[in-house]
Amino acid sequence: MTGENGKGNRRSRILSSRMLLYEFRNTIGNPYVHIFGILMPVAMVIIICRAAAAQMDADSVPYAVTAIFLGTGALIPMATVLMGYGISHAQELEKGIIQRMELFGISPKAILCNRILSEGIFMGIAYGIYFAVGYVVLDVQTPRFTGVALYILCILAYAAICFGLAHAISTFLQKFSATYCVVMLVYFLFMILGGMMGITYDQLPEAMQFVAKQLPVTYICRDFSTVWRGESYEFMPLLQSYLMLGAVTGILLIGAMRRTRRKLH
C-alpha cells in the first residue's frame, strides 16, 4: 500500500490540475500564439484560397482549396509550439522563474509535462477554430477516415518535433531576444521552404529543394490532400523527413542539456 501511495503522490506532483491551469494561463497569455497560431492561419487560408479560386475553373477549386487548407494548417504547431513555447520558456529562464519554482518543490519534469499538456490543449482549440472557419467559409473536400487519422498523427508528430526544437533553442540561448530572433527565422524559413509563401517546391533553387525535402511541412503542404481523400500515396519520403528533422532536434536537445549542465557545474 505504501509503495502504491508513493507512486500516486509522485504522479500527482508531476501532473496536477493546479499546475496545468497555471501553465495554460501562461500559454493563452502569450499574444504570439493568438496572432500567429489562430488569426494568421485563418486569414492566410481565406485570402489565398479566394485568390486561387478566382483563377481556376470550378472543378479544380475543391482540390486546390483542400491542399492549401491542409498545408496552411501546419502553421498552427509552428506558431503555438515552436514560437509560442520557445519564446515563453526563454523568458522564464532569463527571469529565473523556473529556478524559483524548483525551490518551491516543483520539479522540472512536472513543469515540462504540464506545459506539454497545456500546449496540446491550446493547439487543439486552435485547430477547432481553424477547421470550423474553413468548413464554413471554404469549399474543403470531405475526407476519408484514414485521411483524417493520418493528418492528426502527422500534425501531432510535427508538433512534438517543434516542441523539442523550441525547448532546445530556448534552453541553449536562455534569452528572450535571442530566442525570439532565432525561432522567428526558423518559423519563416519553414514557411518559405514548405511552400506557404507563394513559392512552390519546384520553383526553389536546387540547394533549397534539398533542405525542403528534409522538412515534414513540405509534404504536408504539397501532398497531403492526396492522403486526405484516401488516395494512394508513397509515405517513405514523408517518413524520412520526420526522422531527419527529429534527429537534428535530438542533437540540438542533447547539446543544450550538456551546455546547461556545464554552466551549473
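Computed over heavy atoms, backbone and side chain alike; hydrogens, waters and symmetry mates excluded.
- Applying the ring-ring contact (aromatic ring centres under 6.0 Å, His included) test to every pair with at least one member in residues 130-153, sequence neighbours left out, gives these pairs: F69-Y130, F69-F131, Y151-F224, Y151-W228.
- A donor-acceptor pair under 3.5 Å links the side-chain atoms of T72 to the main chain of I68, judged by distance alone.
- Within the 3.5 Å criterion, the main-chain N or O of M19 finds no donor-acceptor partner in the side chain of N114.
- Pairs passing the ring-ring contact (aromatic ring centres under 6.0 Å, His included) check and including a residue from residues 38-65, sequence neighbours excluded, do not occur.
- Judged by distance alone, the side chain of T171 and the main-chain N or O of A168 form no donor-acceptor pair under 3.5 Å.
- Under the salt bridge (Lys or Arg N to Asp or Glu O under 4.0 Å) criterion, the residue pairs touching residues 111-123 are E23-R115, E92-R115, with sequence neighbours excluded.
- Qualifying side chain to side chain contact (heavy atoms under 4.5 Å, CB included) partners for R144, counting only residues two or more places apart in sequence or in other chains: T146.
- Between the side chain of T179 and the main chain of F176, no donor-acceptor pair closer than 3.5 Å is present.
- Within 6.0 Å of CE on M244 lie no more than 12 heavy atoms contributed by other residues, nucleotides or ligands.
- In this structure, the salt bridge (charged side-chain N to carboxylate O under 4.0 Å, His left out) partners of E231, at least two apart in sequence or on a different chain, are R229.
- Note on residues 211-226: pairs passing side-chain hydrogen bond (donor to acceptor under 3.5 Å, both in side chains), not counting sequence neighbours, are D223-Y233.
- Among residue pairs with one or both ends in residues 233-249, none qualify as salt bridge (Lys or Arg N to Asp or Glu O under 4.0 Å); sequence neighbours excluded.
- Listed by first and then second residue, the salt bridge (Lys or Arg N to Asp or Glu O under 4.0 Å) pairs involving residues 243-254 amount to none (not counting sequence neighbours).
- Residues passing the side chain to side chain contact (heavy atoms under 4.5 Å, CB included) test with L193, sequence neighbours excluded: L189, L204, M208, V211, A212, L215.
- Annotation: ring-ring contact (aromatic ring centres under 6.0 Å, His included) contacts involving residues 20-42, sequence neighbours excluded, comprise Y32-Y180, H34-F122, F36-Y187.
- Screening residues 170-190 for salt bridge (Lys or Arg N to Asp or Glu O under 4.0 Å) gives no qualifying pairs among residues at least two apart or on separate chains.
- Applying the side chain to side chain contact (heavy atoms under 4.5 Å, CB included) rule to T200 yields the partners D202, Q203; only residues at least two apart in sequence or on another chain are considered.
- The two residues P77 and Y127 make their nearest non-hydrogen contact at CD-OH, 3.2 Å.
- Here CZ of F190 is found 6.5 Å from CG of L82. Values are rounded to the nearest 0.5 Å.
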